[in-house]
Amino acid sequence: MKQNMGSADRVIRVVLAVAVAVLYFTNLISGTAAIILGILAIVFLLTSVVGFCPLYAPFKLSTKK
């Protein structure tokens with residue numbers, strides 16, 4: 001896998017994942033919304049760590065300079 005995410009993209013995804021975690025642990029979101037946002041947050045964290053977004057690949061997008 002060739003990295004296709006730049007540092008700004010990765011930081012934004014981590015910040016969004018942390019925001020979802022804060023909302024969940026402060027009980028501001030629950031139920032189905034919490035499950036869906038939690039899964040999305042996990043995906044954001046994983047793609048940020050790896051530096052590869054599978055949705056960018058088919059469109060040949062890259063935010064990496």
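Both backbone and side-chain heavy atoms feed into the values below; hydrogens, waters and symmetry mates do not.
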With a 4.5 Å limit on heavy-atom distance, are the side chains of Leu16 and Val20 in contact? no

Can you list every salt bridge (Lys or Arg N to Asp or Glu O under 4.0 Å) pair that touches residues 8-30, not counting sequence neighbours? Asp9-Arg13

Heavy atoms only: give me the nearest Met5-Tyr56 pair and the separation to one decimal. CG-CE1, 4.1 Å

Minimum heavy-atom separation for Phe52 to Lys2, with atom names? CD1-O, 3.1 Å

Side-chain contact, heavy-atom cut-off 4.5 Å: Lys64 with Asn4? no

Under 4.5 Å between side-chain heavy atoms, counting indirect links through other Ile/Leu/Val/Met/Phe/Trp/Tyr residues: same cluster for Phe44 and Ile12 or not? yes

Pair up each side-chain donor or acceptor in residues 23-42 with any protein partner under 3.5 Å, not counting sequence neighbours, and list the distances.
{"residue": "Thr26", "atom": "OG1", "partner": "Val22", "partner atom": "O", "Å": "2.7"}
{"residue": "Thr26", "atom": "OG1", "partner": "Leu23", "partner atom": "O", "Å": "3.3"}

Would you call Pro54 and Thr47 a side-chain contact if the rule is heavy atoms closer than 4.5 Å? yes

